[in-house]
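Input: a single structure, listed below in structure tokens.
In listed order, ligands and their atoms are each counted from 1.
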Amino acid sequence: MKGNKSTSLSYLLAFAVAAASGIAGYIAYRIRHRKRELFLGFDVSTQSLKAIVINSNQEIVFEDHIVFDEQFPHYQTTDGVLRDNKNPSKVTAPSLMFVEAMDVMLKRLNKNVNLSLIRGISGSGQQHSSVFWKTGALSILSSLDSSRDLKDQLENAFSLDNAPIWMDSSTDEQCKQLEEDFGGPQALANVTGSRAYERFTGNQIAKIRKELPEVYANTERIALVSSFVASLMIGDYAPIDRSDGSGMNMMNIYTSTWSEKALKSIGGDADSLSSKLGTPTHSHEVIGNISPYFIEKYNFSKDCKIVAFSGDNPCALAGFRASSPGDVIISLGTSSTVLSLLDHPKPSGDEGHVLCSPINPNSFIGMLCFKNGALARKYVCNEQAKGSWTQFEALVNKSPTGNNNNIAFFYQVPEITPTTQSSGIFRFNAVGEHQTQPFPPEVECRAILESQCLSLRVHCEKLGVCPRRILVTGGASGNQTILQLLADVFGCDVFVSSEGNEAAAMGASLRALHGVRCSENQAFVSFSTIAAPDYKKMASSRPEAFKLYTQMLPRFSDLEKTVVQMTHL
Ligand code: XUL
């Protein structure tokens, strides 16, 4: 009895040891395997195609880019785009140029990276920009010959060679019609996340249907640049992801399905337009394995997964590893852009956009674009400080927080947030009198910075964006005075990221990693467990200053409304 007991015990022990070493061996194998895994992100932006390859620790192992104008002069683009000489508001890009860029980039990748180790691919595309596949194109796409380049096989695959991009602003008529069909801008924003915008793809489609009916009829599939490049990768029509899809004025952002009303208004026949668009998908979804074309031509693994591609702004948010509501990214470049994760969005019929989040199926992004960023700051710096930023900062610091209630608005170009009709500089002294002459230099220098920061806060609040922490990028992120001002105006800490300017491509590669992990897990995995942030704190809010700016806000907002009216006179 005793012997039997000890025999079964030792069997149990042996079994446990074997199982444990089996599990340990399996874990060791998984770690070794994971260490070798690579993830690829593309970014088809306006001027260039970028690619970033990361390992599973999110370290960049390869990056490269191709500038369209330099590499492909035969498309005759300027800064990646074609402008209509007769109508400068019409802006397009050649769809085949994106295909040729992919041919060139894949060859470069093949020379530098062991592509058989790429486990997942995703991408970012210039948002709102479209590609029109011609009837019959799917059969070409799904039977590509790996002995030939993509470009040679797809040159006749488009119903429109040059398709509208986000810089196009020629759809005023279609925007008015769409808003009317919905019962006004707010009603449209309540469903699609934005009032009608000229660059938004739905309005572009409506215009093509009206002006080029034969093109519309001969279109089998309408893609965004993001889903277009994803289609190349899977050799099939790829779905539009819900995040990029919310930049079209057509998708119900709460259900991620096309709005019937929008389909009818834009396409006339809702079913026909719906079939041209396909069904939107979650952004973290694996939409297929890589097509045999790339396996044969570049030695990709047949298990390489393609994760839905998305727009450049959603991908930039992922690239900065924003993880929870209240993470607000402020990009201070030529223009200023705000991106924020939101749980409870308030779509506005006046301004700003609510997009679905690319990293969380139950969350949203608030996005605001301000046209007057660096140019307006530079103008004041040139006028008041002879172009010296050191002198400019010294002047700013000579005037107290709140600028003794002097407020000014600097619009070098007509502004979109808030929407002004014209450019101009508008100054108001402490008692609200409109001043035509510049303020003294220290007041003028502080005025431009306070005005831009207060305007950011006013419009963020309108959209439901309340920062818990602010992450600043872009040229002005090196300016400590601006960082401190943002901390004081918003009342939160301000950080900078080491991610630099390739946030969209980085975001695409992180989304590839995220999508693959969700697929392995057969369920959604939180993005924050995948992509660890790497921020440096640059400024903390000072309570007294925050209080003062909060008190100033209603007056600032009223004056801004007055200025908007003045530009409409
Ligand atoms: C955003 C927008 C631009 C483009 C640039 O709405 O139009 O930021 O996404 O590619």
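- For the pair R195 and Y197, the cation-pi criterion (under 6.0 Å, within 45° of the ring axis) is fulfilled.
- Taking the centre of each ring, H353 and F364 stay at or above the 6.0 Å mark.
- Scanning all protein heavy atoms for the shortest distance to atom 4 (C) of ligand 1 gives W166 CD2, 3.6 Å.
- Shown here for R242 and S256, the closest heavy-atom pair between the two residues is NE-OG, 2.8 Å.
- Annotation: atom 7 (O) of ligand 1 to nearest protein heavy atom, R199 NE, 2.8 Å.
- The shell of residues lying under 4.0 angstrom from ligand 1, judged by heavy atoms, includes M367.
- Checked against L456 for a side-chain contact (heavy atoms from CB on, under 4.5 Å), the options V328, I470, T417, L486 give a single hit: L486.
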> What's the verdict on side-chain hydrogen bond (donor to acceptor under 3.5 Å, both in side chains) for D244 and S310, showing C-alpha distance, side-chain angles and the deciding distance?
Replying inline: CA-CA 5 Å; D244 211 8; S310 191; 5.3 Å; no
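- Close contacts between ligand 1 and Q127 involve ligand atoms 9 (O), 10 (O) [criterion: under 4.0 Å to a heavy atom].
- Between the choices M167, H128, Q126, the shortest heavy-atom distance to atom 6 (O) of ligand 1 belongs to H128.
- Counting protein heavy atoms only, atom 10 (O) of ligand 1 is closest to D312 OD2, 2.3 Å.
- Two rings, from Y379 and Y411, have their centers 6.0 Å or more apart.
- For atom 1 (C) of ligand 1, the closest heavy atom belonging to the protein is N313 ND2, 3.2 Å.
- The shortest N or O to N or O distance between H353 and ligand 1 is not below 3.5 Å.
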